[in-house]
Q: 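This is the structure I have questions about; it appears just below.
Here is the naming used below: chain letters follow the sequence lines, and residue numbers restart at 1 for every chain. Computed over heavy atoms, backbone and side chain alike; hydrogens, waters and symmetry mates excluded.
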Amino acid sequence: MKKFLKTGALLGLLVLTATSCNKSLDELTINENKPNAVPASLLFTGILNDAYEAPNGQNEASDQYYLNNYDYYGNNRYDFGSGTAYYTTLKNVDLMVAQAQKEAAPAPLAYGALGNFFRAYLFTRMSLAMGDIPQSQSLLGGANLTPTYDSQKAVFVQAFKWLESANNDLTSLVAGGMTTVSGDIYFGGDLRKWQKVVNTLHVRLLLELSKKNGDSELNVATQFAAILGNPTKYPLMTSNADNMQYVYVEATNNFYPNNNRNFGQDGSRKNMSATYVGLLTQLQDPRVFATTEPARFYVDNQAQSPTSFASFVGADPGLDLGVMYNNAGLQKYSFLNRYRYFRTLVGEPTIQIGYPELCFNIAEGLNRGWATGNAETWYTNGIQASMAFYGLPLNGTYVASFYRPGSTDVKATSNYDTYSIPVNYATYYAQPSVQYTSSAAGLTQILQQKYLALFRHSGLEAYYNYRRTGVPTFTTGPGTGNGSRIAKRFRYPASERTANTANYQTALQSQYGGNDDINGVMYLLN
Amino acid sequence: MRVFYRQFHVLLLVLLLGLVPKIVLAQSPISGVVTDEKKQPLPGVSVVIRGTNQGTSTDADGHFTLNTKPGDVLTISFLGTVAQEITVGNQANLTVALLPDNKQLDEVVVTALGVKKETRKIGYAVQEVNGEDIVKARDPNPISGLTGKVAGLSVGPSAVLLRAPNVAIRGNTVSLYVVDGFPINTDTWNISPDDIETYTVLKGPAAAALYGNRAQNGAILITTKKGNRNKKGFTVELNSSNTIQKGFLAFPRLQDSYGAGENTQYQFVDGKGGAPGGVDGDYDVWGPYFAGQLIPQYDSPIVNGVRQGTPYVARGKDNLKNFLRPGFQTNNNISLSANGDNYTTRFSVSQQKQDSYIPNNGLNIVNFNLYGAFNPSPRFRVEANVNFNRQFTDNFPDVDYGPNSLIYSSAVWTGADWDVNAPDIRGIWQPGKEGVQSVFAEYQRYHNPWLMVEKWTRGHYKNDTYAYLTGNYKIDDHLSATLRTQISTYGLLRTEKMPYSAHPYGREGNQGDYREDRRNLFENNTEGFLNFNYDLGEQKFLSVSGLLGGNVRNFTYNSNWTSTDYLTVPEVYSFSNSLNPVQSTSFASQMRVLSAYYSLDLSLGRYATLSTTGRVDKSSAFQIPTTYYYPSVSVATVLSDYIGLPKSISFLKLRGSFANVRADATSPTIGPAPFNSITTLGGSTGNSLFTNPLGYGNTYASPYNGPDYSLQSFYSTSKPYNNQPAGYGSDNLFIQNLKTTTRVNYEEGFDIKFLGNRLGLSATAFQYIDGPRVLPNPISQATGYTTQYINALKTRKTGYEVSVSGAPVQTANFGWDVLVNYSTFKEVYDELPAGQSVYQTFFKEGDRTDKFYGTAFVRTPDGQIVNDAGGKPLTNPVAQYLGNLNAKFNWSIYNKFHYKSVSLGFQFDGAVGGVTTDYMFNKTMRGGRNALTAEGALGDARYQDWVNYGRTGYTGTYVGEGVVVSNGTSINYDSQTGQILNNEALQFAPNTTKAFVQDYVSRYYNVQESNLMSKTFGKLREVTITYDLPRTLLANTFIQRVSVSLIGRNLLYFYGDKRFKDVDLDQYNYAISVTGLQSPTVRSYGLNLNATF
């Protein structure tokens, strides 16, 4: 009995100790490892990072700038899959705006204005890729699980309203002395710079609609003229210093996608495209010395000068990849400039929305007669801004650096052969192929220069410009797939097919004959 | 909680009241123990004084107490055994062993909560494996030994040291392991097979419903050895196995004719892409033919700053084989047991040491098990058990695809142009750069294997304890109360020491790293229950037994993961040596489950047994604390007891069961850095238990069984740019009032025995209706969210299991035992989420859930491959159905012959049907290292590509199979099915375009269809030849029993298509569309010694 009591009591005590508890079941359900709310500034940073478009991806093959040459790592085929959806980012935009309202101070209106900018920026980015998209009924969460599609036109009309609103709000904020917000990664939160971005995007979006100039709801030319005609109301970027550009940071491993650590796998698995290099050499454009290297086959085996334009050769994007890889192995193509893109970890800043493109967009609008103004001035501003981005002087010497064959360290500047190349903008511009003519040929010149300025920048802008204008000439062949067609659009996300079936089918019927066809022609291309 | 305390008080009261009858006992009773022929206690045995109606029955431990006087004759009887009569003399204690009645062989099995029941009364599928059956030809892993021993239980043993096997019952991974009635958290390595008496596999939810949500996939019950209570005194048992691992079952098939490089070209400049065409960095094995030509190589001399050419030969033929060594494994166990009148103790130490066949890799496990039971009084019994397990190794292998993998670096992506045993390679470091820069043939992506095994080391140190304390008080012959508590806890430390010049994905800085992954889990289960057992009615027609109880489960988990961001000083592995700020993340979770349960068995004479169980859980691991209920009902009837059957049928039982189980939001395992937001190391961040800050290697999952927080909405944070914090809202939506996932299980079966129980057949059919479940359903992203958690989706799983066992031949000297298992199942979609006609892009109602949609060639209506104008096959833009991922069925055959003192046992097992894709094959083909790339037409063309390199106009030799579109028409595809829409407009002509082999192979073998492999395979799993020393020899020694066995494991692997014999399918016993890199699988042979003193 005593034994039982003793052991029983011991056991009982142990049970009581082992099960002692100090939290209620309700408290235990909560994940204490994560926050239930974050400040608007953190959401802003998240949105900016989501919206960032990096170089070196598949976009550069679609833009026909920089081509994959080894099938194992990729190809240059236009068999597009789904377009990128930014709806979750746009939800964060809504959360940011709501959170800023809740925080009350310091800047609900600022985050509201930036929110409208991102709405315009990201909805049109999706529409450009895919066509009609859910917009007015979107972002309602569980309240509407099957949002209907808005026409591409409606998406743009709404985008212009948001941009107008953002511009007005920023004007009043700046006028009221409120000039910064926190959480920015581009301009240190300078709202004046953001206002320029807003209007620069506005111009870009108007140009995307060049085929819809006559439409009375879109009012493309009127809006264009209004912006251009009132720089006080619609401040625009005025130099590269205003570029919305992603600057790489070595200390925090925000490396440029090409860098000295991946030279061994990336340096030779892609080569330059003839669409880009061919245009540069045809125009005798010194930018070729900054962005690429001469094809060593012609320099080392055929004794051509490394600074001769003839030594810069891109591959035809339509070429069969097996042949291209073999030629690349034989050094018959130009590669990305090692000094600029592989020597360091930070490469060059990547422009998301930039001044050179703005110049060409304005020049294009003027060439199209949307407003009165001097197209040539904007055209030359654009060329000069682009050249300045690469450090090319207006009149002087450019020191080109080409990696010396047989070198053992891509980081060491001593491993680069340098060539002092005289650069003279006036000479360059004097060429008939470059000098602006206010005609259809002038339009082509603008678009060619825009293409050159967008190299490695602004995601798919170069492809969208080509798709809209046919400039520059994109080539096709077995290497580009899709039955030798340049695809016209991306498919909708797969989840639309299973989870928003009826609206998805309706959208396909009204646009692409019921098939989610990458060769289908969307509204703004008609 | 309050409910529990009330129950506890009642229980305590009952325990106290139960003492009263003991005090009034005055007469001298006789007590005893009844066991079976294996000396295992038998509960429920009837003990009656002949000619009277005085009697009792034995308790759960086979004990009985009865008032008798000398001369009384006790009739001791139990179903399935031969009844015995014993005349009472002067003895106070009796030990009676009942021998099986071959006419009515009936075993007792352990069921949920450790309750032993007669199999004849069980209405669901249970299969048992004796511990001693798997300790001889042992697998390194204690659970892997169960492979093929149980129908419906599939064990996919990992080929890689220290990885856990995938243990699946009826296609669902089991996460519930129960030791002596208590759930434990196990990685399957913290169990010592030498301490296991039996494994009992509860296959369905009905069997396991008493364990609540953890049991939805069945359970494996482990009954530990407890010392032989019936053998007084002191016993020592010794078991020792020593095996070597040598000879490969599945090994990469590699070519040694061409070296590394691209486009048949190679030369070494800096090993980092400095060579023309970048051929010396991150290369493939598409380099030059080994013809002894002079090529600058990594070790070629540099004269006047110019690297000279040296003969290019296959000096590293068989590098991988030459690198590996025979492995060695030793397992030793000593157990001591001591028994007295009122106590039993057992004390056991096991040691396992594995020296891997990968140099400098190994694993040590020490396991300490202590069991003690004593009876302060005949009615009161206390038992306690502690199991302590330590796994430790300073280095275990990581073979997951990537530069961290030995297989990746030495078998897939490098060629025979370097020799693994060359002195410079073996010496690891470049002279003068010790600790900083290794020697290898390439410096961008691949690694010197010796650097990988000797300097780049991964430690694993895990202390694991599970223990329990139980008190049982027998209130009277019908009622007993049990109060018990248990803990299961582990502390884990994993380290990685990465030297300078190692450069896995995301860590290309070559400056080393040190990491620690620490995890701590503590779990306590405390429960109390009452067992009852009444016989009612005339002739005790109705027998009622069962239990009623409650359980409180408390769980807490903490982990942290920390890494340097490169090292300041080489080879100093400490956080204070971090070059950049240390990266660290932590995670904590807690949960509690309150439960009450009952179990009730009603036996209607000899006609039937009706069993029902019920359990209520209230769990904190859900949207809100949630209460849910698990009922089960089962019926068993032994027809042969009351219906005349043909003489050849000695036993026939029918059984059926129903159960409904539910699951809260928990996960059986957890990863290194849950919910982490570290972005600088190249890994994953996000809202999951399994995010890994590293971009390479294995994401180690350890046992968890805690909350996964998947039903909670919260923000994510990270620092994606310049150390600036960023926040993101949740992408998940949750409907209100989510209900727990539900599974309904029906099971029907019969057991039949023939020829005086010589041969038995057991067959089971089962149906699972899963759902509506808590479904993370993809929704239109236009909502702003990607996923909505809803209650939807039903699937139906149906399957069959057949087990044949018996002893067809039994003579005085010779015997043959056989066990055959067969199992099959399939699962289909029964009900898709409301409003959806398809699920996950391709699946419709009625479709199998394991249909595999993968990339496929575009084909003409008559099935020919369509090529593009470059002569390369076109891939369909829409994935196509390629087969089912699960095997059609699994089978195993175990035979054991014994002649006098010698016995021979062997097991074949395998699977039939199903498909997957061979990743090793894919990578070695596309990388140019597979033997097939140098054989046949491919090999001939490859040689031509080398000979003709650089010749103007040469565009290859190889002409691929199939056709090309000859009329310049573009193919249009249906965006949903991938069908060609304009077949009538297309004209085809045979392909005649020549292609370079490297590009062709890269294209062709990138299509999953070309890597598709059947999952049909067979294995000679184990062979044991045992010699028992004749007892006569040992008669005059202190030794009681000695047996010696020759053992072999994984001896032969049968597979139809030799292309795919580079992967051992054994481990892929689940639906997986692509295999991974693995260590080669090896044969093991050895010797086992077993002795009892």
Q: Salt-bridge test for B/D282 and A/R269: reply yes if a basic N is under 4.0 Å from a carboxylate O, no otherwise.
A: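 Here B/D282 pairs with A/R269 in a salt bridge, since their nearest N and O are under 4.0 Å apart.
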
Q: Give, as side chain, backbone, both or neither, the part of A/L140 having an atom under 4.5 angstrom from any heavy atom of chain B.
A: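 Backbone of A/L140 only, per the 4.5 Å heavy-atom cut-off to chain B.
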
Q: With a 4.5 angstrom heavy-atom cut-off, could you sort out which part of B/Q623 is near chain A: side chain, backbone, both or neither?
A: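 When you check distances to chain A, only backbone atoms of B/Q623 fall under 4.5 Å.
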
Q: So which part of B/F996 gets closer than 4.5 Å to some heavy atom of chain A, the side chain, the backbone, both or neither?
A: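 When you check distances to chain A, only side chain atoms of B/F996 fall under 4.5 Å.
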
Q: Enter the distance from A/N326:CG to B/Q265:CD here, rounded to the nearest 0.5 Å.
A: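 Spacing of CG (A/N326) from CD (B/Q265) equals 8.5 Å.
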
Q: Return the option, out of A/D320, A/T45, A/L25, A/N253, with the maximum number of heavy-atom pairs under 4.5 Å with chain B.
A: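 Of the candidates given, the most pairs with chain B belong to A/L25.
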
Q: Mind checking the CZ-CD spacing from A/F263 to B/E508? Nearest 0.5 Å is all I need.
A: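 A/F263 atom CZ to B/E508 atom CD measures 15.0 Å (nearest 0.5 Å).
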
Q: Tell me, side chain or backbone of B/T969 under 4.5 Å from chain A's heavy atoms, or both, or neither?
A: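 Neither the backbone nor the side chain of B/T969 comes within 4.5 Å of chain A.
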
Q: Can you tell me which portion of B/S586 sits under 4.5 Å from chain A's heavy atoms? Options are side chain, backbone, both or neither.
A: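 The answer is the backbone of B/S586.
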
Q: Name the region of A/I30, side chain, backbone, both or neither, that has any atom closer than 4.5 Å to a heavy atom of chain B.
A: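 Interface part for A/I30: backbone (N, CA, C, O).
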
Q: Taking the six-membered ring for Trp and the full ring for Phe, Tyr or His, determine whether the centres of B/Y721 and A/Y52 are under 6.0 Å apart.
A: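 Here the rings of A/Y52 and B/Y721 have centres that are no less than 6.0 Å from each other.
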
Q: Does any heavy atom of chain A fall under 4.5 Å from the side chain of B/N723, the backbone, both, or neither of them?
A: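 When you check distances to chain A, atoms from both the backbone and side chain of B/N723 fall under 4.5 Å.
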
Q: So for B/Q712, is it side chain, backbone, both, or neither that comes closer than 4.5 Å to the heavy atoms of chain A?
A: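 For B/Q712, the contact with chain A is made by the side chain alone.
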
Q: Which answer fits A/N33, side chain, backbone, both or neither, if we ask what part of it has an atom under 4.5 Å from a heavy atom of chain B?
A: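 Answer is side chain: those atoms of A/N33 sit under 4.5 Å from chain B.
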
Q: Within the 4.5 Å heavy-atom criterion, are A/Y70 and B/E262 side-chain neighbours or not?
A: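 Yes, at least one pair of side-chain atoms sits under 4.5 Å.
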
Q: With a 4.5 angstrom heavy-atom cut-off, is it the side chain or the backbone of B/D945 that approaches chain A, or both, or neither?
A: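 B/D945 has no heavy atom closer than 4.5 Å to chain A.
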
Q: With a 4.5 angstrom heavy-atom cut-off, which part of B/L981 approaches chain A: side chain, backbone, both or neither?
A: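 It is the side chain, since no backbone atom gets that close.
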
Q: With chain B, which of A/V249, A/N519, A/N271 has the greatest number of heavy-atom pairs at distances under 4.5 Å?
A: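 Going by pairs under 4.5 Å, I would pick A/V249.
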
Q: So what's closer than 4.5 Å to chain A heavy atoms on B/T841: side chain, backbone, both or neither?
A: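 Interface part for B/T841: both.
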
